[in-house]
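One structure is given below, encoded as structure tokens.
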Amino acid sequence: MFCQDCGHKLTLKFCENEGLVPYCNECEAFKFPTFQTAVSMAVVNRAQDRVLIAKHTNGENLLFAGYVKKGESAEKTIIREIREETGLNTIKYRYTRSRYHEPRNVLMLGFIVVVGDGELRLNSDEITEAHWYSFDEALGQVQPDSTAEFFLKNAIAEMKKNKL
């Protein structure tokens with residue numbers, strides 16, 4: 001670990017009420033870890049009985065996701081990302097839960113997003129195809145034990161309990 005301000009190597013140092021925290025001897029300051037924030041979206045149709053799964057350019061079947069830009073709320077990110085990636089309009093959404101995604105050092109905020117009817121216009125820079133699936137079919141489309149599966153299972157459980 002290196003200091004994000006000066007580049008010097010960090011050491012772990014005890015911080016009152018925090019425990020061991022990265023510390024920069026050059027800056028003489030504790031350097032709490034920073035990470036990006038992104039949204040993960042289980043996109044569902046108006047009837048809330050189908051989930052849209054995207055095949056991304058990396059070949060993986062995933063939920064829709066996007067980084068929260070500086071100065072943007074998670075809610076604005078949802079609306080922007082859905083429009084950019086699918087061409088569909090967001091009708092309503094609900095936050096479900098969060099999870100840290102270590103491979104990309106990102107805090108993921110999970111949402112269920114209901115979209116309006118319309119023609120899919122996929123952003124080919126990010127997505128090669130997308131299809132609507134029943135809940136059970138959707139679970140078979142994502143990689144087991146992945147972050148996508150985690151958010152999808154949670155969204156499906158929420159949808160089965162009560163629709164938005």
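Everything numeric here is computed off the predicted structure, so don't read it as measured data.
Between Thr57 and Ile127, the shortest heavy-atom contact is CG2-N, 4.0 Å. Nearest heavy atom pair, residue Arg50 against residue Trp132, reads NH2-O, 3.3 Å. Across all their heavy atoms, Cys24 and His8 have their closest contact at SG-CB, 4.3 Å. Counting all heavy atoms, side chain and backbone alike, Pro22 lies closest to Leu10 at CB-CD1, 3.7 Å. Considering every non-hydrogen atom in both Gln143 and Glu149, the closest pair reads O-CB, 3.6 Å. Gln141 and Asn61 get closest at one heavy-atom pair: O-CB, 3.1 Å.
Taking the six-membered ring wherever Trp is involved, the centroid distance between the rings of Phe111 and Phe151 does not fall below 6.0 Å.
At a threshold of 4.5 Å between non-hydrogen side-chain atoms, the residues Ser40 and Leu109 do not count as touching. By the 4.5 Å heavy-atom criterion applied to side chains, Val44 and Leu52 are not counted as neighbours. Contact annotation: the side chain of Lys69 never approaches that of Thr77 to less than 4.5 Å [non-hydrogen atoms, C-beta and beyond]. Between Val106 and Phe35 there is no side-chain heavy-atom pair separated by less than 4.5 Å. Residues Asn45 and Val114 are not in side-chain contact: their nearest non-hydrogen atoms beyond the backbone lie 4.5 Å or more apart. In this structure, the side chains of Phe64 and Thr86 come closer than 4.5 Å at one or more pairs of heavy atoms. Within the 4.5 Å cutoff, side-chain heavy atoms of Arg83 are placed close to those of Arg121. Taking the side chain as every heavy atom from C-beta outward, Tyr93 and Glu75 approach each other to under 4.5 Å.
Here Asn123 contributes atom CG and Glu81 contributes atom CD; the two are 9.0 Å apart, rounded to the nearest 0.5 Å. If you take CG on Asn25 and NZ on Lys9, they are separated by 11.5 Å, rounding to the nearest 0.5 Å. Note that SG of Cys6 and CD of Glu26 are 5.5 Å apart. Values are rounded to the nearest 0.5 Å. To the nearest 0.5 Å, atom CD of residue Glu84 and atom CG of residue Leu122 are 13.5 Å apart. For the atom pair CZ (Arg46) and CD1 (Ile91), the distance works out to 3.5 Å, reported to the nearest 0.5 Å. Separating the CD atom in Glu85 from the CD atom in Glu126 is a distance of 4.5 Å, to the nearest 0.5 Å.
Residue Leu120 is not grouped with residue Leu62 when hydrophobic side chains (ILVMFWY) are merged at heavy-atom distances under 4.5 angstrom, including chains of intermediate members. Residues Tyr23 and Phe2 are members of separate hydrophobic clusters, defined by side-chain heavy-atom contacts under 4.5 angstrom among Ile, Leu, Val, Met, Phe, Trp and Tyr. Both Ile78 and Leu107 sit in one connected hydrophobic cluster of ILVMFWY residues. Membership requires side-chain heavy atoms under 4.5 Å apart, directly or through other members.
Under the side chain to side chain contact (heavy atoms under 4.5 Å, CB included) rule, Ile156 has a single partner from Met159, Lys153, Lys160, which is Lys160.
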Carefully, step by step, assess Ile112 and Thr96 under the rule side chain to side chain contact (heavy atoms under 4.5 Å, CB included).
CA-CA 7 Å; Ile112 298 169; Thr96 56; 3.7 Å; yes

Could you give me the CA-CA distance, side-chain angles and deciding distance for Asp49 and Ser134, then say whether side chain to side chain contact (heavy atoms under 4.5 Å, CB included) is met?
CA-CA 6 Å; Asp49 61 356; Ser134 70; over 6 Å; no

Check against side chain to side chain contact (heavy atoms under 4.5 Å, CB included), Val113 and Ile82:
CA-CA 9 Å; Val113 181; Ile82 294 299; 4.2 Å; yes

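Remark: side-chain polar atoms of Asn105 are paired, donor with acceptor, to backbone N or O of Thr34 under 3.5 angstrom.
A salt bridge does not link Glu60 with Lys55: none of the charged nitrogens is closer than 4.0 Å to a carboxylate oxygen.
Under the 30°/60° scheme for interplanar angles, the aromatic rings of His131 and Tyr133 are found to stand perpendicular.
For Glu18, the CD atom counts as densely surrounded, since its 6.0 Å shell holds more than 12 non-hydrogen atoms of other residues, nucleotides or ligands.
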